[in-house]
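Contents: one structure, followed by commentary.
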Amino acid sequence: MLFDEVQAQHFSTLSRNPFPHVLIERALIQLAGDGDGARFRNEVMAAAGWKHSNLTPFGKYPDEACVAFNRIRAVLAETEVPDAVLNALKNTSA
């Protein structure tokens, strides 16, 4: 899957069109399927370097969120297999 680059200002800007991080989150939830979407999304975010609670808004730490989402973006460009996504993020440094 290809997504545009996530930028820090996306987390504090309003738009009619969804920003790339929103599309990435949707894709992660769909990849997991069978009701495991939110859990998978949280695992992927943690593996990508998001060290905050899933209740912490990305706008509070936009630079960290940007780095995490762009790492996920790069992995999703290579694979859409849930286990492979997690393994790729865990095996690369932040």
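Count residues from 1 along the sequence. Just so it is clear, the model here is predicted, and its values are computed rather than measured.
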Problem set entry | Listed partners of Arg73 passing salt bridge (charged side-chain N to carboxylate O under 4.0 Å, His left out), at least two apart |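 Arg73 satisfies salt bridge (charged side-chain N to carboxylate O under 4.0 Å, His left out) with no residue once adjacent residues are dropped.
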Exercise. Which residues pass the salt bridge (charged side-chain N to carboxylate O under 4.0 Å, His left out) test with Glu43, sequence neighbours left out?
Worked result: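 If we apply the salt bridge (charged side-chain N to carboxylate O under 4.0 Å, His left out) test to Glu43, skipping adjacent residues, the hits are Arg39.
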By side-chain contact (heavy atoms from CB on, under 4.5 Å), which residues pair with [X], not counting sequence neighbours?
| X | result |
| --- | --- |
| Asn54 | Arg41, Asn42 |
| Ala84 | Thr79, Val81 |
| Ser53 | Leu55, Thr56 |
| Glu80 | Met1, Leu31 |

Problem set entry | Listed once per pair and sorted, the side chain to side chain donor-acceptor pair (under 3.5 Å) pairs that draw on residues 13-23, sequence neighbours left out |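 Every candidate side chain to side chain donor-acceptor pair (under 3.5 Å) pair involving residues 13-23 fails, so no pair, neighbours aside, qualifies.
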For this session: Hey, could you give me each pair passing side chain to side chain donor-acceptor pair (under 3.5 Å) that has a residue in residues 59-68? Not counting sequence neighbours.
Result: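 Those involving residues 59-68 are His52-Glu64.
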Problem set entry | Leu28 and Leu76, any side-chain heavy atoms less than 4.5 Å apart |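 Sidechains of Leu28 and Leu76: in contact.
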For this session: Using the rule that two of Ile, Leu, Val, Met, Phe, Trp, Tyr join whenever any of their side-chain heavy atoms come within less than 4.5 Å, decide whether Val22 and Trp50 are in one cluster.
Result: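 Each belongs to a different hydrophobic cluster.
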Problem set entry | Sequence neighbours excluded - salt bridge (Lys or Arg N to Asp or Glu O under 4.0 Å) pairs with any residue from residues 2-15 |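 Of all non-adjacent pairs touching residues 2-15, none passes salt bridge (Lys or Arg N to Asp or Glu O under 4.0 Å).
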Problem set entry | Pairs flagged by ring-ring contact (aromatic ring centres under 6.0 Å, His included) wherever residues 25-46 is involved - sequence neighbours left out |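 Residue pairs passing ring-ring contact (aromatic ring centres under 6.0 Å, His included), neighbours aside: none found.
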Exercise. Residues in side chain to side chain donor-acceptor pair (under 3.5 Å) with Gln9, at least two apart?
Worked result: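 Gln7.
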Problem set entry | Residues in ring-ring contact (aromatic ring centres under 6.0 Å, His included) contact with Phe19, at least two apart in sequence or another chain |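 ring-ring contact (aromatic ring centres under 6.0 Å, His included) check on Phe19 returns His10.
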Exercise. Taking all non-hydrogen atoms of both residues, which atom of Phe3 and which atom of Ala27 are closest, and how far apart?
Worked result: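 Between these two residues, the closest heavy atoms are CZ-CB, 3.7 Å.
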